[in-house]
Amino acid sequence: MIHRSLLRYRGARYLWWALILIAGSSVLYATQNRDIQPPNGGTWQGYVLGTIGALLIVWLTLLAVRKRSYRSTNGSVQGWTSAHVYLGSALLIVATLHCGFQFGWNVHTLSYVLMCIVIFSGFFGLYSYINNPQLISSNREGGARSLLFAELFELDKQSRSLSQRCAPAVAIAVDSGIERTTLGGGVYAQLFSRDHSYFLRESSKGSALVRNVDQQALIDHVAERLPRAEKGTEAANLQQLIILLCRRQAVVRRLRRDIRLSGWLKIWLYFHVPMTVALLVALVLHIVVTFFYW
Amino acid sequence: MDVLLRELREGPDGIPEYNDTEISAAELTIGSGADQNIQLLGKQVAAEQAIIRKSGRRLELESRVGRVVVNNQKVGTAKLNNGDVILIGGHELSIAEPPGGFDVAIILRPDTSIGAGEFEGAFRADLKQTWLSKRKVAWLSAALILLLCLIVPLAAVKMHRADKPVPAMMPSDAFWTSGPLSAAHRQATGDRCDSCHKVLFQHVQDSSCLECHQTIHDHVSPERLKLTKLDPTQRCATCHREHNEPESYMVHSGDKQCTECHADSATLFPLLKVEPVRGFSKATHPAFTASLLKPRGVTGASNANDVAAVQATQPGVVPFVWTTEVTGLDDASEQSNLKFSHSQHLDPDRVRRINDSKALSCLDCHRPEQDGQHFEPIRMESRCASCHELTFDPGAPQRQLPHGKPRDVILTLQDYFTRKFSDPSAAEPVRARRRLPGHDDPEETCTGSPVECAKRSARNEIEAQFSRRGCIGCHVVLDTKSDTLLERFQVYPIRFQRDYFPAAQFDHRSHQIQGKLTGDDACLSCHAAKQSTESKDLLLPALPKCEECHGDKPAVQRVKVQCISCHAFHPKSTDGLTGRMAKREAVSIRSESKDKAQ
C-alpha cells in the first residue's frame, strides 16, 4: 500500500531527518540569552529558526510542482511525500520555537495560524490516505465507481420495465422512486450521506410523496402488495421487482458510502492547498513587515 | 405535448433497430438524470441538460447548463424546425415531421460508445462539483491578506504621517506589531507606531527615546567613553527590548550585560581605574569602599577644590573643611567632631527614654527618609534635646542656652548674670541648694560690686560650659587661651555623611525584617552599634555581611541579587559617571567661621 509505505519509506529515513531538525532547533532555542529578552524571533537564534522555517515552507510547497513533473528524476514522488509529511510535522515545532511562544493579533501570528491550518489539515489528509483507500476499495469490492453506476443504471431500467407490468400504482411508485433517488449533492450531502430520496405512493386516500431513506420505504411498499396480488404472474412480477429493488438498494448504499469516503479522502485538500497559498503570502508579509519596524 | 421518441440503434447484424416511446409531458426534459423524459448518459450531459417546449406554434430548445449544439452551432436557446439536429454529449437528436396525434417527433441516435457507467454524470458525486474551490479560496485569501495586512495598513501609515484621523476599525500598522507594548509606552503612544518607528526599514533611533526620557543620563559620558575601548554604537534598544512579554524585559536585568565589560575593566577601560567585577561574592566583587568625611584641615582660606557647599558662617565656630574620601572599610574611621557613644545610648542601665523609661531604640534617633535608603539628618533640637537640656543654672532650671551659636551662648550667660547681680529681684527665684564640701558657690562668695560679681560668675560658667561640662560634653572645643572671651572658645562644627555608598542603592525598608530578626535586632545585625563607643567608629557592614543572605545565583536560603539591585546603570548626574568620580576626588563641604563681627 503506497499510503502506508509513505511513513515507512526507506526505513522512515525522513523521520530521522525531522527528529534531527527538531533537536537542532531545540538546542538553538535553548541557547537564547534570556537576560536581555525572552526567546523570540528577533534573536540571532530566532532569525536562524525563522529562516529554516521559511525555507522549509517553500520546499514543502514545491511538492505540488514535483508531483506534476512526471518526467523528473529528482527523487521519487513517494520519497518527496514521505519527507513532506515528516518535515512538515517538524515545521510545527520549528516555527513554534522561532516565535518563542509569543502570539498576538498581528500578521506574524496570522502566518502561524495559517501554517497550523495547513499542517493539521495535512495530518487529517495523512490519516485519510492511510485509512480511506482500503475502505473505499472494499466497499467497491475492487471495482470502479463507474461499474456501480452502470449497475444502478441497468437496475433502474429493469425495475422500470418490470414495474410497467405490475399495477399502475407500483409503476408510479417505482418510477418516482428511481427519479427521486438522490446520491451525493452538495458538500454536506456528500460528506454525511444525506439521503433526500422520495417516492410517490398511491393509495385510496390519494397520492403522496413519501420519504424513501435507504430505498427501504419503496421496497416495503411493493412488498405490501405481494399478499394482495391476484394473479400468479403479478405475484411473480412483484417478487422479481422486489429482488431488483433490493439489489438496487445495495448498490445505492454502496454508492452513497463511496461518495462519502471519497469526499473525506479529498476534503482536507480544500483547506491544505488554498491555505498554503495564503500562508506563502502571509509569510512574505511577515518577513517584510518585520523589517518595516525592527 | 405528445412526443414520439424513436431511438435508432445499429443491430448486431448492422441493420438499424428502432424503439419507439410515447411521451406525454408539458415540457420535454433531456438530461442524464433518471427523472428526465429523455435520459442521455455521458460526462458532458448534465443531470438536467435541456428542455424542449412549445412556444406558440413552434418548438423551442433551452439549454439549462452551458450550451448545446444545434445544426453545428452552439446555442443557449433556439427555435426548432423539422430537420434540425441537436447534439448533446455525442448523442444526436433530430426533429422530424410528427405523425398524426403527436406534436413532436424526435429521432434519437445515441452515442453507443457511452456505457451505463457514465450514469455517474447524473449525480454530483465529487467535491469538485460543489461550490468548494481550491483556486478561488486561495486567490481570495491571498488578496484579503495583502489588502488587510499590507495595503490598508500602509495607507494608515500615510494618513498618520499626514496627521489625518484613521478610523478606529481600519486595519492599521498596529497589525504589524511583534508583541504588546509595555503599559507606559502604550499609554504614551496610543496606537501610533510612528511615535518611535519614524522611518520604514530603520531601527528605532535613540533620539525617539530621548524625546520623552530627557532626564536620563549616559552610563559613561562621551568624554570618558573616548578613554575606553568600548563600542560607542550601543543603542537604547540594545538593552531595552520592547514588544516582549513579560513587560519586565523592558529593563534589562541580567548581570552579564554589566560583567561583559566590567569583568575585563583592566583591558577595556584601564584609564578609568575601575576594579573588575564578575559577580557578587567576596571573590568576584571589589570590597566595599565608603565615601567618608575626612578633615582637610583647619583653615580660614578658601580652597577652590573644597568649595562645594559653604555652610553659613558662624562666629565661635572653628573654620573646618571636610573632604570626602573613598576608602576601604577595614580600620576606617570618620571624623564628625561629635562625641557620642552608641553603646552607652543603647544600654538601658544608662539611658532610658523620658516618656516611657524604656531603652532607646534605633528609630528614636534614626528616622528613615521616604526613599527608604537614607535617614533624616540628626539635629540636636529634635533628637537630643529631650534628654540633653541646655540648662546652666541649677537655680533656674527653665533657662536654657541657645544651641548652635557659641557667640550667643557667651552673650546669654553674660546677660543672665549681669541681670542676676544688678537686680536680684528680677532674677529667677533661687532655690536652696546643698552646698558641696570644698566647692564654694561663687555667687555666694562674691563680695565685689554686682558688675564684677556678674562678670566673674559669667566667666566661670562660660569656662565650665566650654571646658568641663555642658557644650564640652558633646562638642570638641578649641581653647585659644585668648583674653577676649568671645574669641577664646571655638567649637568644632559637626557634620555627618549622608551617603556612604553614593554609587549603590540600598533599601532599608526591605531589610527591616531579616529572618526572625525584627526591629533593633534587624538593624544591629548589620550595624555593630552596641560595640561602638566613639563616633569615629564606622558601623558599615562589609560585603561578607551581605553574602550571608545574598548571592548572584539562586541558592537555598540565599536571595539572588543582580548588579542592578544595588547599582543604577544610568547615573544620576548629567555628565555620566564623571560626577560621581569628581565627588569622590574633590567634593568637600566647607564651613567658614570668621566672625565678621569680631
Side-chain angles (χ1 to χ4, degrees), chain A residues 33-38 40-42 102 104-108 110 114 144-154 156-157 176 178-187 189-191 255 258-259 262-263 266-267 269-270 273-278 280-282 285 288-294, chain B residues 33-36 41 115-146 149-150 153 173-180 193 196-197 200-204 238-239 241 243-246 249 252-257:
Chain A
N33 177 8
R34 285 165 170 76
D35 285 343
I36 300 182
Q37 51 187 327
N40 70 86
Q102 291 193 357
W105 293 102
N106 51 49
V107 67
H108 314 290
L110 174 71
L114 290 171
R145 178 188 274 189
S146 59
L147 291 181
L148 286 171
F149 272 107
E151 194 179 348
L152 177 65
F153 184 73
E154 290 306 326
D156 281 357
K157 222 157 92 179
S176 64
I178 289 170
E179 284 176 8
R180 291 170 187 275
T181 297
T182 64
L183 267 178
V187 181
Q190 289 192 29
L191 293 178
L255 277 171
D258 187 63
I259 290 167
S262 305
K266 290 174 188 165
I267 185 69
L269 276 168
Y270 288 89
V273 173
M275 287 305 109
T276 300
V277 175
L280 284 175
V281 175
L285 278 191
V288 171
V289 159
T290 300
F291 293 105
F292 269 174
Y293 291 163
W294 64 315
Chain B
D35 56 343
Q36 301 295 299
L41 299 186
E118 304 269 350
F119 185 32
E120 183 177 354
F123 301 93
R124 286 193 298 156
D126 195 297
L127 290 175
K128 271 185 208 159
Q129 294 163 294
T130 65
W131 56 266
L132 283 179
S133 163
K134 291 173 201 156
R135 198 160 295 212
K136 272 185 206 159
V137 176
W139 283 120
L140 190 71
S141 50
L144 265 179
I145 290 170
L146 266 180
C149 302
L150 183 71
D173 49 352
F175 206 56
W176 298 341
T177 182
S178 63
C193 304
C196 305
H197 299 278
L200 292 187
F201 296 110
Q202 189 191 56
H203 277 309
V204 172
T238 309
C239 296
R241 308 293 298 191
H243 299 288
N244 272 317
E245 287 174 299
Y249 276 106
H252 169 34
S253 58
D255 289 352
K256 205 179 162 197
Q257 185 81 354

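A note on names: the letters A, B, ... follow the listed sequences, proteins ahead of strands, and every chain is numbered from 1.
- Taking B/Ala122, B/Pro153, B/Ala138 one by one and counting their heavy-atom pairs under 4.5 Å with chain A, the maximum is reached by B/Ala138.
- Nearest heavy atoms, B/Cys193 versus A/Tyr293: CB-CE1, 3.5 Å.
- Heavy-atom pairs under 4.5 Å with chain A were tallied for B/Gln36, B/Glu118, B/Lys256, B/Lys134; the largest tally goes to B/Lys134.
- In terms of heavy atoms, A/Asn106 sits closest to B/Gly179 at ND2-N, 4.3 Å.
- A heavy-atom distance below 4.5 Å is found between the side chains of A/Asp156 and B/Phe119.
- Only the backbone of B/Cys239 comes within less than 4.5 Å of a heavy atom in chain A; its side chain stays farther off.
- Only the side chain of A/Leu110 has a heavy atom closer than 4.5 Å to any heavy atom of chain B.
- Here B/Leu127 is the residue among B/Val204, B/Val137, B/Leu127 with the most heavy-atom pairs under 4.5 Å with chain A.
- Closest non-hydrogen pair, B/Gly117 versus A/Ala150, comes out as N-CB, 3.4 Å.
- Contacts between A/Arg34 and chain B at a heavy-atom distance below 4.5 Å involve backbone atoms as well as side-chain atoms.
- Counting heavy-atom pairs under 4.5 Å between each of A/Ser146, A/Ala189, A/Gly42, A/Gly184 and chain B puts A/Ser146 at the top.
- The parts of B/Lys128 that come within reach of chain A are both its backbone and its side chain, each placing non-hydrogen atoms under 4.5 angstrom from that chain.
- In this structure, B/Ile145 CD1 and A/Leu285 CG are separated by 7.5 Å, a value rounded to the nearest 0.5 Å.
- For B/Arg241, the CZ atom is densely surrounded, since the number of other residues' heavy atoms within 6.0 Å is greater than 12.
- Ranked by heavy-atom pairs under 4.5 Å with chain B, the list A/Gly263, A/Gly104, A/Ala278, A/Gly185 is led by A/Gly185.
- In this structure, A/Tyr270 OH and B/Thr130 OG1 are separated by 6.0 Å, a value rounded to the nearest 0.5 Å.
- When all heavy atoms of A/Glu179 and B/Ala34 are compared, the closest pair comes out as CG-O, 3.4 Å.
- Annotation for A/Lys266 and B/Asp126: closest pair NZ-OD2, 3.1 Å, computed over non-hydrogen atoms.
- Only the side chain of B/Leu41 comes within less than 4.5 Å of a heavy atom of chain A; its backbone N, CA, C and O stay farther away.
- Here A/Asn33 contributes atom CG and B/Gln257 contributes atom CD; the two are 8.5 Å apart, rounded to the nearest 0.5 Å.
- Residues B/Leu132 and A/Ile267 have side chains in contact (heavy-atom distance under 4.5 Å, counting atoms from C-beta outward).
- With a 4.5 Å cut-off on non-hydrogen atoms, A/Leu114 touches chain B through its side chain but not through its backbone.
- Contact count versus chain A (heavy atoms, under 4.5 Å) is highest, among B/Leu200, B/Thr238, B/Asp173, for B/Leu200.
- Taking all atoms of both residues into account, the shortest heavy-atom contact from B/His243 to A/Gln102 is O-OE1, 4.0 Å.
- For the set A/Arg180, A/Met275, A/Glu154, A/His108, the entry with the most heavy-atom pairs within less than 4.5 Å of chain B is A/His108.
- The residue among A/Leu269, A/Thr276, A/Thr181 with the most heavy atom pairs within less than 4.5 Å of chain B is A/Leu269.
- The contact between A/Gln190 and chain B is made entirely by side chain atoms (from C-beta outward), counting heavy-atom distances below 4.5 Å.
- Using a 4.5 Å cut-off between heavy atoms, A/Ser176 makes no contact with chain B at all.
- Under the 3.5 Å distance criterion, the side-chain polar atoms of A/Arg145 are matched with a main-chain donor or acceptor of B/Ala125.
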